[in-house]
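Report on one structure; see the data block that follows.
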Amino acid sequence: MDLTATDAEQLALNFFLEDWEIPEEDRDFFVPIDSRSVDDRWYVVEIAVEGLPDKWIIQVYDETKDCDPCFTFVTPIKASESETGLEELPESIAEILRSERENKAIFVTQ
């Protein structure tokens, strides 16, 4: 593999921040929390808002260093509780999480 896990995490994070048009001043809230190689062909990278259980899962391809634009959002928080933990966040980030939790989350119980 040409990519390292650290490279894949940075590519996924940059892709995610650009895709969501996160303002520069709010970008530090998002962090890669895990990455793993799959069949020596791509990495699966998990990105989260530090301190919250929600995460986005993005594939980064080793050969092209491209990120799959169809990433997945996973949360243990029910859509009916979409405001949970958002009180201290900038409104731009809170709105993204609220929208993801209500509309297209894969709900996972822990």
Side-chain angles (χ1 to χ4, degrees):
M1 289 189 83
D2 293 335
L3 282 178
T4 66
T6 302
D7 293 336
E9 288 174 359
Q10 193 59 54
L11 286 167
L13 184 60
N14 290 343
F15 171 80
F16 176 83
L17 295 171
E18 292 299 318
D19 190 62
W20 276 103
E21 299 177 354
I22 305 296
E24 194 69 39
E25 63 273 10
D26 296 340
R27 291 180 175 215
D28 289 343
F29 284 90
F30 296 92
V31 294
I33 57 170
D34 190 30
S35 61
R36 59 194 171 282
S37 166
V38 178
D39 295 334
D40 290 332
R41 296 187 335 188
W42 70 80
Y43 280 90
V44 174
V45 178
E46 297 177 6
I47 295 173
V49 172
E50 200 161 14
L52 293 178
D54 315 271
K55 61 185 172 184
W56 291 266
I57 302 168
I58 300 173
Q59 293 181 47
V60 181
Y61 299 100
D62 181 62
E63 187 174 309
T64 63
K65 297 175 182 50
D66 290 331
C67 296
D68 188 332
C70 298
F71 48 84
T72 303
F73 178 74
V74 178
T75 186
I77 298 174
K78 296 176 185 172
S80 61
E81 299 169 357
S82 65
E83 296 291 326
T84 302
L86 306 182
E87 303 80 18
E88 302 294 321
L89 294 174
E91 186 54 36
S92 64
I93 296 173
E95 183 55 38
I96 289 169
L97 282 162
R98 191 178 304 112
S99 174
E100 290 280 74
R101 289 172 176 177
E102 291 173 355
N103 296 315
K104 61 178 192 174
I106 293 175
F107 179 70
V108 180
T109 57
Q110 295 194 31

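Since the model is a prediction, treat every value here as computed from it, not as a measurement. Residue numbers start at 1 and run along the sequence shown.
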Checklist entry - Can you tell me if CD on E21 sees more than 12 non-hydrogen neighbours from other groups inside 6.0 Å? => result no

Checklist entry - Is any side-chain heavy atom of T4 closer than 4.5 Å to a side-chain heavy atom of E9? => result no

Checklist entry - Rounded to the nearest 0.5 Å, how far apart are CG of D7 and OG of S35? => result 10.0 Å

Checklist entry - What's the shortest heavy-atom distance between L52 and G85, and which atoms? => result CD2-O, 3.7 Å

Item to check | Straight-line distance of F29 CZ to I22 CD1, nearest 0.5 Å | outcome: 11.0 Å

Next on the checklist: Within the structure provided, determine whether D19 and P69 are in side-chain contact (heavy-atom separation under 4.5 Å).
Outcome noted: no

Item to check | Which atom of E83 lies closest to which atom of E87, heavy atoms considered | outcome: O-OE2, 3.5 Å

Checklist entry - Side chains of V74 and I57: does their closest heavy-atom pair fall under 4.5 Å? => result yes

Checklist entry - Minimum heavy-atom separation for A94 to L86, with atom names? => result O-CD1, 3.7 Å

Item to check | F15 and F71: CA distance, side-chain angles, deciding distance, side-chain contact (heavy atoms from CB on, under 4.5 Å) verdict | outcome: CA-CA 11 Å; F15 171 80; F71 48 84; 3.7 Å; yes

Checklist outcome for this item: Nearest heavy-atom approach of I58 to A12 is CD1-O, 3.8 Å

Checklist entry - Quick one: does F30's side chain get under 4.5 Å of W20's, heavy atoms only? => result no

Checklist entry - Does CD belonging to E88 count more than 12 external heavy atoms closer than 6.0 Å? => result no

Checklist entry - Would you call E63-R41 a salt bridge at under 4.0 Å N-O? => result no

Checklist entry - Is K55 salt-bridged to E100, cutoff N-O under 4.0 Å? => result no

Checklist outcome for this item: Looking only at heavy atoms, the pair that brings R98 and E91 closest together is NH1-OE2, 3.4 Å

Checklist entry - Is any side-chain N of the basic residue among E46 and R36 closer than 4.0 Å to the acidic one's carboxylate O? => result yes

Next on the checklist: What verdict does the side chain to side chain donor-acceptor pair (under 3.5 Å) test give for E18 and N14, after you've listed the backbone C-alpha separation in whole Å, the side-chain angles of each residue and the deciding distance to 0.1 Å?
Outcome noted: CA-CA 6 Å; E18 292 299 318; N14 290 343; over 6 Å; no

Checklist entry - Counting distance only, does the side-chain N/O of R101 pair as donor-acceptor with the main-chain N or O of T84 below 3.5 Å? => result yes

Item to check | Point-to-point distance, once rounded to the nearest 0.5 Å, from SG of C67 to CZ of F16 | outcome: 11.5 Å

Item to check | Residues K78, E102: salt bridge by 4.0 Å N-O rule | outcome: no

Checklist entry - Where does the angle between the aromatic ring planes of W56 and F73 fall among parallel (under 30°), tilted (30 to 60°) and perpendicular (over 60°)? => result tilted

Checklist outcome for this item: Note: L3 and D62 closest approach over all heavy atoms is N-OD1, 2.7 Å

Checklist entry - Would you say L89 and L97 make side-chain contact, with heavy atoms under 4.5 Å? => result yes

Item to check | Value rounded to 0.5 Å, distance of CD1 in I47 from CG in L17 | outcome: 7.0 Å

Checklist entry - When rounded to the nearest 0.5 angstrom, what distance separates OG1 in T6 from OH in Y43? => result 8.5 Å

Next on the checklist: Could you go through D66 and V60, starting from their C-alpha distance and side-chain angles, then the distance that decides it, and tell me whether this counts as side-chain contact (heavy atoms from CB on, under 4.5 Å)?
Outcome noted: CA-CA 6 Å; D66 290 331; V60 181; over 6 Å; no

